[in-house]
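Below: one structure, written as structure tokens.
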Amino acid sequence: MCRHVAVSTRDLARDLPKLTVRCKQRKGATMPTRPYVIDELISAKTIAARVEALAKDIHDAFDGTDKLVVVGLLRGSFVFIADLVREIDLPVEVDFIEASSYGNSTESSREVRILKDLRGAIHHRDVLVVEDIVDTGYTLKHVVGLLKARRPARLKTIALLDKPSRREVDIQADWTGFEIPDEFVVGYGIDFAQRNRNLPYIGKVRFTDDE
Ligand code: PRP
């Protein structure tokens with residue numbers, strides 16, 4: 001089934017007062033205000049089944065832990081982490097970290113900066129880093145390096161989506177929900193210019209002025 005969520009040009013003009021906005025999946029690029037629809041790519045039901053299976057794998061990997069610190073990368077992972085922790089039958093602490101997507105730097109430098117650090121310490125703790133999507137890989141690689149320097153007992157990573165064709169650095173999540181082609185995706189926490197994070201499914205943006 002293919003569902004569409006129509007977004008009018010008027011809505012875009014209201015929400016995007018500037019002529020261009022940064023598009024998260026084309027970092028450094030600008031995205032004009034264009035009409036688009038969203039085609040469903042991965043249904044809410046399919047995501048739920050995959051999250052349940054991933055939670056079982058995580059349970060097996062960390063079985064016996066006294067506490068698993070589950071770290072969500074803001075903002076995109078907020079839906080995934082909420083669903084995932086409710087399926088993990090272990091003592092869990094939830095924390096968040098926010099990294100800038102290359103901040104004000106140029107695309108070529110790929111500098112990742114931490115905007116919000118963890119509240120808690122992870123030294124000697126078991127840690128699971130939760131990412132919504134691994135694209136170039138810079139964000140996950142940077143965050144993993146930062147957190148490993150704090151000497152956790154064990155550190156594993158999970159990403160709901162992986163776009164291996166976009167990878168620029170050598171990083172692979174320990175668990176991946178779905179490998180996807182280089183499509184512009186939204187929903188289930190992932191945004192287009194801060195919109196569409198609340199869709200219960202993963203959708204693909206299709207610009208209608210192309211048609
Ligand atoms: C997106 C996404 C990942 C990151 C992946 O976050 O949520 O964290 O980019 O990109 P990379 O693999 O190329 O580094 P974004 O910076 O857009 O912020 P958001 O999570 O607040 O949407």
Side-chain angles (χ1 to χ4, degrees), residues 5 7 12 15-16 18 20-31 36 38 41-42 47 50-51 54 70-85 94-118 127-148 155-205:
V5 177
V7 181
L12 280 170
D15 292 353
L16 307 175
K18 294 180 185 160
T20 58
V21 294
R22 278 171 62 86
C23 165
K24 86 193 207 69
Q25 284 164 90
R26 297 286 185 279
K27 291 178 197 306
T30 55
M31 181 63 65
Y36 65 98
I38 298 169
L41 195 61
I42 308 171
I47 296 170
R50 187 70 186 121
V51 169
L54 289 165
V70 183
V71 174
L73 260 86
L74 293 173
R75 287 175 262 182
S77 73
F78 79 101
V79 177
F80 182 35
I81 192 174
D83 283 350
L84 188 66
V85 291
V94 176
D95 207 338
F96 292 95
I97 192 165
E98 184 171 11
S100 72
S101 10
Y102 320 140
N104 296 321
S105 65
T106 61
E107 188 167 12
S108 58
S109 76
R110 297 298 204 206
E111 183 196 340
V112 179
R113 284 183 303 122
I114 300 302
L115 302 178
K116 182 217 165 296
D117 206 340
L118 299 179
V127 176
L128 177 69
V129 178
V130 180
E131 175 68 294
D132 54 329
I133 182 166
V134 184
D135 191 66
T136 65
Y138 279 95
T139 304
L140 187 60
K141 186 157 186 142
H142 181 87
V143 168
V144 165
L146 180 81
L147 299 186
K148 277 191 171 166
L155 186 146
K156 299 273 189 196
T157 56
I158 182 167
L160 180 70
L161 303 177
D162 187 10
K163 279 187 189 175
S165 62
R166 293 264 304 160
R167 197 73 87 255
E168 294 180 15
V169 288
D170 185 22
I171 184 97
Q172 174 73 46
D174 294 298
W175 294 282
T176 294
F178 305 93
E179 200 173 283
I180 59 167
D182 184 15
E183 299 285 1
F184 184 0
V185 290
V186 292
Y188 201 70
I190 301 171
D191 73 306
F192 171 30
Q194 301 308 326
R195 297 177 62 114
N196 309 125
R197 290 193 198 270
N198 57 331
L199 294 176
Y201 55 89
I202 299 287
K204 184 170 106 176
V205 169

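Whatever order the structure lists them in is the order used to number ligands and atoms, beginning at 1. Small disclaimer: the values here were computed from a predicted structure and weren't measured. Note: hydrogens, waters and symmetry copies are ignored here, and every other heavy atom, side chains too, is used.
Looking at Arg197 next to ligand 1, an N or O pair under 3.5 Å apart turns up. Of the polar atoms of Gly76, at least one N or O is found under 3.5 Å from an N or O of ligand 1, judged by distance alone. Polar contact check, Thr139 against ligand 1: a nitrogen or oxygen pair lies under 3.5 Å apart.
Of all the heavy atoms of Val112, none lies under 4.0 Å from any atom of ligand 1, so neither backbone nor side chain is involved. Residue contacts with ligand 1 for Glu131 involve side-chain atoms from C-beta outward but no N, CA, C or O (heavy atoms, distance under 4.0 Å).
Heavy-atom proximity to Asp132, at under 4.0 Å, picks out these atoms of ligand 1: 2 (C), 3 (C), 7 (O), 8 (O). Taking every non-hydrogen atom of Arg75 and a distance limit under 4.0 Å, the qualifying atoms of ligand 1 come out as 19 (P), 20 (O), 21 (O). The ligand atoms of ligand 1 that sit less than 4.0 angstrom from a heavy atom of Asp191 are 22 (O). Those atoms of ligand 1 with a heavy atom of Thr136 less than 4.0 angstrom away are 11 (P), 12 (O), 13 (O), 14 (O). Remark: ligand 1 atoms within the under-4.0 Å shell around heavy atoms of Gly137 are 11 (P), 12 (O), 13 (O).
In this structure, CG on Leu54 lies 7.0 Å from CG on Leu84, to the nearest 0.5 angstrom. Atom CD1 of Ile202 is separated from atom CD1 of Ile42 by 5.5 Å, given to the nearest 0.5 angstrom. Note: Glu131 CD to Thr139 OG1 = 6.0 Å, rounded to the nearest 0.5 Å.
Aromatic ring orientation, Phe192 versus Tyr36: perpendicular (interplanar angle above 60°, classes split at 30° and 60°).
At a 4.0 Å cut-off, not a single heavy atom of Leu140 sits close enough to ligand 1 to count as contact. In this structure, Glu168 does not count as a contact residue of ligand 1, since none of its heavy atoms falls inside 4.0 Å of the ligand.
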Given the rule in the side chain to side chain contact (heavy atoms under 4.5 Å, CB included) test, do Asp132 and Leu73 qualify, once you have shown the distances and angles that lead to the verdict? CA-CA 8 Å; Asp132 54 329; Leu73 260 86; 5.6 Å; no
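In this structure, Ile171 and Lys141 approach most closely via the heavy-atom pair CD1-CA, 3.9 Å.
For Lys148, the NZ atom sits in a loose shell: 12 or fewer heavy atoms of surrounding residues, nucleotides or ligands are nearer than 6.0 Å.
Considering Leu41, Asn196, Ile38 as possible partners of Val185, the one that fulfils the side-chain contact (heavy atoms from CB on, under 4.5 Å) test is Leu41.
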